[in-house]
Amino acid sequence: MRTLLMVALLFPALAWAGATDELLSRLQKLQSLKGDFEQTVLDKGGTHMQQAEGRFQVARGNQFYWSTTSPFSQLAVSDGKTVWVYDEDLEQVVVRPLSQDLGQTPALLFGGQPSQVAEAFSISERDRNGAEVTYRLTPKGDDPLFDQLDVTFRGEQPMSMRLQDALGQQTVIDFRDLKVNSGIDASLFHFTPPEGTDVIQQQ
């Protein structure tokens, strides 16, 4: 009986370690990633609130380029140290230091160091169906941007992310036409505001 109890107590921890090792192994193989995305925001009841689409690329070193093209134009760029958020319609760019807190910057899941993912999140396997597996990441830090993040892989390739905040609102990001470890344009990770743009510096 004592042996069975020990097995029962240890099994959740072993499952957690397995999911963590699996996810970190997949992330370690992603030196860069680019493609298109479709983003949908749902309220707690599942009603569509917003929808957007665009293109992105991320690379190791906390570098990312996230361009929303519809229904409006907005751009978020990071060179690993600084983030520029440019709103073309407002002719305004907000410039701030890049937070290294993965709970505040989900894009760093693919562009940051995999070891930091295990430090920032508790990781478990949420679902597995053939070649598709979904991992659930729960932030360990204080005051995160979201309460949980589900990331789905098909084989070694990420397919989607789903973030849920404290109010139950969900943001679903589906990736399309992905290219892994190929053809990154490093110049996209630096942003020069167009002439006449209002620049707002944040600390």
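Hydrogens, waters and symmetry mates play no part in the numbers below; they use all other heavy atoms, side chains included.
- Looking at Q92, its side chain never comes within 3.5 Å of a backbone N or O of D89 through a donor-acceptor pair.
- Relative ring orientation between F175 and F56 is described as tilted, the plane-to-plane angle lying within the 30° to 60° band.
- Ring geometry for Y86 versus F191: interplanar angle of 30 to 60°, hence tilted.
- E125 places a side-chain heavy atom less than 4.5 Å from the side chain of V133.
- In terms of heavy-atom proximity, G54 sits nearest to T69 at CA-OG1, 3.6 Å.
- From D198, atom CG reaches atom CG of D87 across 11.0 Å, with rounding to the nearest 0.5 Å.
- In this structure, R55 places its CZ atom where only 12 or fewer heavy-atom neighbours from other residues, nucleotides or ligands lie under 6.0 Å away.
- With a 6.0 Å radius and a threshold of 12 heavy atoms from other residues, nucleotides or ligands, Q50 has its CD atom at or below the threshold.
- Within the 3.5 Å criterion, the main-chain N or O of G35 finds no donor-acceptor partner in the side chain of D177.
- The minimum heavy-atom distance between S182 and S32, with the atom names listed, is N-OG, 3.5 Å.
- A heavy-atom distance below 4.5 Å is found between the side chains of L27 and F153.
- Between I184 and F189, some side-chain heavy-atom pair lies under the 4.5 Å cut-off.
- Of the N and O atoms on the side chains of R96 and Q201, not one donor lies less than 3.5 Å from an acceptor on the other residue.
- Between the side chain of Q57 and the backbone N or O of D185, at least one donor-acceptor pair lies under 3.5 Å.
- Separation of atoms CE (M161) and CZ (F110) is listed at 5.0 Å; rounding is to 0.5 Å.
- Remark: side-chain polar atoms of Q51 are not paired, donor with acceptor, to backbone N or O of H48 under 3.5 angstrom.
- Using modelled atom types, one side-chain atom of N181 and one backbone atom of K29 make a donor-acceptor pair closer than 3.5 Å.
- Of all non-hydrogen atoms in K140 and A118, the two that sit nearest each other are NZ-O, 3.0 Å.
- A heavy-atom distance below 4.5 Å is not found between the side chains of I173 and S160.
- Side chains of E156 and V180 form no contact here, defined as non-hydrogen atoms less than 4.5 Å apart.
- In this structure, L149 is a member of the same hydrophobic cluster as L24, with clusters built from ILVMFWY side-chain heavy atoms closer than 4.5 Å.
- The one candidate from T20, L163, L23 that meets the side chain to side chain contact (heavy atoms under 4.5 Å, CB included) condition with L137 is L23.
- Here the side chain of T68 pairs no donor or acceptor atom with the backbone of L75 at under 3.5 angstrom.
- Separation of atoms CD (E132) and CG (D127) is listed at 8.5 Å; rounding is to 0.5 Å.
- Side-chain contact between L109 and V151: present, with at least one pair of heavy atoms (C-beta onward) separated by less than 4.5 Å.
- Interatomic distance, CG of D165 versus CG of D147, reported as 7.0 Å (0.5 Å rounding).
- Listed here is the closest heavy atom pair of G80 and L98: O-CD2, 3.5 Å.
- The line from CG of L178 to NZ of K34 is 11.0 Å long, rounded to the nearest 0.5 Å.
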Before giving the answer on salt bridge (charged side-chain N to carboxylate O under 4.0 Å, His left out), spell out for R126 and D150 the whole-Å C-alpha distance, their side-chain angles and the decisive distance to 0.1 Å. CA-CA 8 Å; R126 180 175 179 269; D150 292 347; 3.4 Å; yes

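- A19 approaches Y135 most closely through the heavy-atom pair O-CE2, 3.7 Å.
- Between atom OG of residue S187 and atom CG of residue D79 there is a gap of 12.5 Å, rounded to the nearest 0.5 Å.
- Put simply, the side chain of T171 reaches to within 4.5 Å of the side chain of Q39, judged on heavy atoms.
- Between the R60 side chain and the L30 main chain, a donor and an acceptor come within less than 3.5 Å of each other.
- When all heavy atoms are compared, the tightest approach of V58 to F64 is CG1-CB, 3.6 Å.
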Could you check E22 against R26 for salt bridge (charged side-chain N to carboxylate O under 4.0 Å, His left out), going step by step and ending with a plain yes or no? CA-CA 6 Å; E22 270 194 18; R26 285 183 162 91; 3.5 Å; yes

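- Within a 6.0 Å radius of CZ in R154, other residues, nucleotides and ligands contribute 12 heavy atoms or fewer.
- Within the 4.5 Å cutoff, the side chain of V95 has no heavy atoms near those of the V83 side chain.
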